[in-house]
Amino acid sequence: MTKKYSGAEAWCPCVPGELQRVAARTRGRRRREFLRQAGSVAAGVAVLGVGGYLATRLGTTPPGHPYGGIACADVVRLMPRYRAKELNAEIAERIQIHLARCPECGKMDRKSGTRKTQQSV
Ligand SMILES: [Zn+2]
């Protein structure tokens with residue numbers, strides 16, 4: 001028994017309720033510390049999340065929305081071949097996803113789509 005706190009044996013003659021009170025206080029403090037740590041971690045994650053969200057929004061607006069892993073410019077460029085079904089399935093799927101999610105390209109798709117399908121099919 002080489003414990004650091006030498007006052008431990010002084011607890012023994014205490015009134016029965018004292019030990020429980022101390023234990024409860026220690027438990028409560030541990031829980032508060034845990035909550036504080038968990039809270040700060042959650043806050044950090046939230047800050048990172050919001051920051052990342054803003055960064056992606058601000059960062060990707062000028063070159064286009066890379067929905068489906070493909071940029072608007074590429075979608076526009078590949079659209080004729082997509083319509084003609086000349087693209088491989090992977091690219092075609094990406095464009096499909098992009099068109100479904102990107103409001104601008106989706107608009108363009110619907111506008112030029114009706115004309116294009118009449119021509120090419
Ligand atoms: Zn787009």
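Hydrogens, waters and symmetry mates play no part in the numbers below; they use all other heavy atoms, side chains included. Atoms within a ligand are numbered from 1 in the order they appear, just like the ligands themselves.
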Seminar exercise, completed: Applying side-chain contact (heavy atoms from CB on, under 4.5 Å) to E90 and not counting sequence neighbours gives N88, R94
Exercise. What's the spacing between L78 CG and I95 CD1 if we round to 0.5 Å?
Worked result: 4.5 Å
Exercise. Roughly how far, to the nearest 0.5 Å, is CD1 of I70 from SG of C105?
Worked result: 9.5 Å
Exercise. Which salt bridge (Lys or Arg N to Asp or Glu O under 4.0 Å) pairs, counting each pair once, include a residue from residues 65-80, with sequence neighbours left out?
Worked result: D74-R77
Exercise. Does any non-hydrogen side-chain atom of L99 lie less than 4.5 Å from one of M79?
Worked result: yes
For this session: Could you list all the ring-ring contact (aromatic ring centres under 6.0 Å, His included) pairs where at least one residue sits in residues 66-86, not counting sequence neighbours?
Result: H65-Y67, Y67-H98
Problem set entry | the Zn ion (ligand 1) - number of protein N/O/S atoms closer than 2.8 Å | 4
